[in-house]
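Lettering of chains follows the sequences in order, A, B, ..., and the numbering in each one begins at 1.
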2 protein chains.
Amino acid sequence: MNVVYLSDADARNRRAELVRASARLFRERGFDATTIRDIAQACGMRSGSPFYHFKSKQEILVAVMEEGLVAGLVTIEGIAAQPLAPRAKFRALVRTQLEFMLGEGHDFIPVLLYEWRALDEALQPRVLALKERYDALWHAMVVELKDAGLIQADPTVARLFILGSLTSAVQWFRPEGSISLDQLADDAVAMFLHSR
Amino acid sequence: MNVVYLSDADARNRRAELVRASARLFRERGFDATTIRDIAQACGMRSGSPFYHFKSKQEILVAVMEEGLVAGLVTIEGIAAQPLAPRAKFRALVRTQLEFMLGEGHDFIPVLLYEWRALDEALQPRVLALKERYDALWHAMVVELKDAGLIQADPTVARLFILGSLTSAVQWFRPEGSISLDQLADDAVAMFLHSR
DNA sequence: CCTACCGATCGGTAGG
DNA sequence: CCTACCGATCGGTAGG
């Protein structure tokens, strides 16, 4: 029953491939509209084979969310730790956030943002802890901006509005369009930060 | 085959009831996760009965989107037509938009925003025309603000960021929480409009 | 990882 | 609008 059909290394590779393909499909079609058969086919497998690597479709979703969030968090926390002036740090954080939401091959964060509801409540705590680290980091950034007089609104609402507007770009940004991620970051800074 | 089981008036009422219940369910659970049986039950019908009023589940979705959009558009256009100063008009538009997204019983616009992908491509044009009127109105508002020196960023990006951040409130705003829609509107004005 | 399959669910329909 | 039902799809499993 518990016979091994793949070497450890092969199994790890195939698992990673499943997570990557699932992220892309979940992002493009949504979790509910993506079938296990779609995922298997995208990796050249038969329909039952993903279950060699994951207990359930929900476990695939949680893997997509966790792995994407961990990768993004490490990068973002690295930037937040740099000794930059508030305005420059904000610009750098925004630019990185945009990269993780809109850049080539970065399907994980959009899935996290748009498929949260599809995740079984029992599994949500596993992702929530990471999400909170994310929010805490941005909250500190916004408070720093407010102390510097660059933001006037309530910090919590400001944080939610800023992240919300960046998030919304997932819906309308087109990489082949005329606007670049750098321009987008500049516009965000111009919009959200007042001059003193 | 085409026998009539309800009077015209009854049929209209039941249809409206189906649209209202569907809007709420689509908003709460998503389109894919809502079954015809859920909708029927919410209206005290049996599972096959919604198809007396609608050809398909997709037709229910399009009805939800169209009816919500038409209602919102009429109200929003009324405000845009008022002779208000740019800052005051912006505040009024934001407040109304928040009402239609977050207010009691207003499930239509969130469904439009979050279930667009679930709508068959063949049906999208029916809703797109209304959406464009919406965007045009907001675009004119943003240009007016830019001319008045209250916004500095590119008008298209500014419009998308503003609507995106308001839209995001659907995900985190809780009516029973400590913040009111009026405060939210004030914070949006403080965030997005610079002083001259 | 594959083959073969099950059990449940779901959108939709025929007929009254 | 109800009853009774179909056909397809889908997540998941047994066994090798």
Q. Heavy atoms, side chains only, cut-off 4.5 Å: are A:F31 and A:V111 in contact?
A. no

(Q) Do B:F54 and B:V19 have side chains that approach each other closer than 4.5 Å (heavy atoms only, starting at C-beta)? (A) yes

Nearest-Å distance for atom pair [atom1]/[atom2], residues [X] and [N]:
X     : N      : atom1 : atom2 : answer
A:M45 : D:dG12 : CE    : P     : 16 Å
A:F54 : D:dG12 : CZ    : C1'   : 15 Å
B:K55 : C:dG12 : NZ    : P     : 10 Å

Q) Pick one: which of B:F108, B:F100, B:Y134 meets side chain to side chain contact (heavy atoms under 4.5 Å, CB included) with B:L69? A) B:Y134

Is any side-chain N of the basic residue among [X] and [Y] closer than 4.0 Å to the acidic one's carboxylate O?
X      : Y      : value
B:R91  : B:D182 : yes
B:K57  : B:E115 : no
B:R159 : B:D154 : no

Q. Got a donor-acceptor contact below 3.5 angstrom from the B:Q124 side chain to the B:L119 backbone?
A. yes

Q | Runs of at least three Watson-Crick or G-U pairs with DNA chain C, cut-off 3.5 Å | A | C:1-16 with D:1-16

Q) Using a cut-off of 4.0 Å between protein heavy atoms and nucleotide atoms, how would you tag nucleotides 3-11 of chain C 5' to 3' with B, S and -? A) B------BB

(Q) Under 4.5 Å between side-chain heavy atoms, counting indirect links through other Ile/Leu/Val/Met/Phe/Trp/Tyr residues: same cluster for A:L93 and A:V70 or not? (A) yes

